[in-house]
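First listed ligand is number 1; within each ligand, the first listed atom is number 1. Sequential numbering from 1 along the given sequence is applied to the chain's residues.
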Amino acid sequence: MNLKGRNFLTLKDFSPEEIAYLLDLAAALKAEKKQGKTGNRLRGKNIALIFEKTSTRTRCAFTVGCVDEGGHPEYLGSNDIQLGAKETIEDTARVLGRMFDGIEFRGFEHSKVEKLAQYAGVPVWNGLTDDYHPTQILADFLTIREVFGTLKGIHLVFIGDGRNNMANSLMIGSGKMGLHFTIIAPKALWPGQELVDLCRGYAAESGGSISITEDRDAVAGADAIYTDVWCSMGEESKAAERVALLSPYQVNEALMKKTGKESTIFMHCLPAVRGNEVTHEVLESPQSVVFDEAENRMHTIKAVMVATLGNEE
Ligand code: CP
Ligand code: NVA
């Protein structure tokens, strides 16, 4: 499999085989690291890390993943560079592309990361936009594979803000990889119909399925329950409205019991607001795999950099 030179903007652009390859590579890199081995696959590579929004996991995963493989990461926060304010994105992209070998971007409009990719001339990786968070999906799917040994046929339920970047990206990934994916959310927060139709097309190919409902009883039979913050970065002004809409959709012990399975795992991309989308008890329960997901951000992001930019595999 050769992904050299490819951008990583959304999983729409990747085939199921390519996604499986990235997960296999991440698992291999993780096994190496557990044996105390790191590599030189990014030796001589300079990586720009652009963050318009804050980050703990994504920033640290890119930094540690890059250094582990002998590369050099450079953090560029929103107050550090001109991106889109004093200088056009097209110009910044071409300048950074002359100096760096790869660029990570986290920010608001998805069109910005697309423009960067169009003009930079080097691989651009999406570290989260308002619409998508594709590197998170790789970490989540590696975690699901570690627990259940497979992705195909797994029943994954996302409950909460059903139209945010996580719901969108989980739906794309699930459609591609043959999971049975359910979004449980109030109608006002359902994902866009165009994206749902696209993902149903993927699911028809992979043997998966996509369903959207307001009914919390739809957690029955779930292998994994996933939630995310009710207000994503940039939506802070909607806090009161979201609490009112989403309080009935909190993941608590009663909801976990509704699955009818003791083996159901709890997932969250983090950061979490305990007492809102999830209770402290569920987050800290033995069913919670949230810190495995967080660790897997590093192994999977390293795999994306190595696959698209690495000297060897
Ligand atoms: N899950 C995630 O992307 O976390 P950060 O916002 O801390 O990067
Ligand atoms: N939906 C959240 C994800 C954070 C990792 C946000 O965009 O803030």
Non-hydrogen atoms of [X] versus ligand 1: any pair closer than 4.0 Å?
X: K53; result: no
X: H133; result: yes
X: L270; result: yes

Would you find more than 12 non-hydrogen atoms of other residues, nucleotides or ligands less than 6.0 Å from R216 atom CZ?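 No, CZ of R216 has 12 or fewer neighbouring heavy atoms, counting only those of other groups under 6.0 Å.
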Is atom NZ of K152 surrounded by more than 12 heavy atoms (other residues, nucleotides or ligands) closer than 6.0 Å?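 For K152, atom NZ is crowded (more than 12 foreign heavy atoms under 6.0 Å).
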Should R59 be counted as touching ligand 1, given the test is an N or O pair under 3.5 Å?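 No; the residue has no nitrogen or oxygen that sits under 3.5 Å from a nitrogen or oxygen of the ligand.
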Decide whether an N or O pair under 3.5 Å exists between P271 and ligand 1.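 By distance alone, the answer is no.
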May I ask you to identify the nearest protein heavy atom to [atom], giving residue, atom name and distance to one decimal place in Å?
atom: atom 4 (C) of ligand 2; value: L128 CD1, 3.8 Å
atom: atom 8 (O) of ligand 2; value: M233 N, 2.8 Å
atom: atom 2 (C) of ligand 1; value: R297 NH1, 3.1 Å
atom: atom 7 (O) of ligand 1; value: T56 N, 2.6 Å
atom: atom 4 (O) of ligand 1; value: R57 NE, 2.8 Å
atom: atom 6 (O) of ligand 1; value: R106 NH1, 2.8 Å

Determine, using ring centers only, whether F105 and F51 are less than 6.0 Å apart.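 Ring centroids of F51 and F105 are no less than 6.0 Å from each other.
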Using a plain distance cutoff, I'd like to know if K53 has any nitrogen or oxygen under 3.5 Å from a nitrogen or oxygen of ligand 2.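 In fact, backbone or side chain, K53 has no N or O that close.
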Evaluate R106 for polar contact with ligand 2, using N/O atom pairs at a separation under 3.5 Å.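 By distance alone, the answer is no.
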Quick one: which residue pairs count as a ring-ring contact (aromatic ring centres under 6.0 Å, His included) with a foot in residues 267-298, not counting sequence neighbours?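 Output for this query is empty, none listed.
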Residue pair E52 / S78, side-chain donor-acceptor N/O under 3.5 Å: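 Looking only at side-chain atoms, S78 and E52 do not form any donor-acceptor pair under 3.5 Å.
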Donor-acceptor side-chain pairing of K12 and Y202 below 3.5 angstrom: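 Their side chains do not contain a donor-acceptor pair, so the 3.5 Å distance test is not met.
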If the test is side-chain contact (heavy atoms from CB on, under 4.5 Å), which one of T182, I184, T264 qualifies with I225?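 Testing I225 for a side-chain contact (heavy atoms from CB on, under 4.5 Å) against T182, I184, T264 leaves exactly one candidate, T264.
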Which residues, ordered by chain and number, are linked to V64 in its hydrophobic cluster, where ILVMFWY side chains connect at heavy-atom gaps below 4.5 Å, directly or through other members?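 Its cluster mates, by chain and number, are M298.
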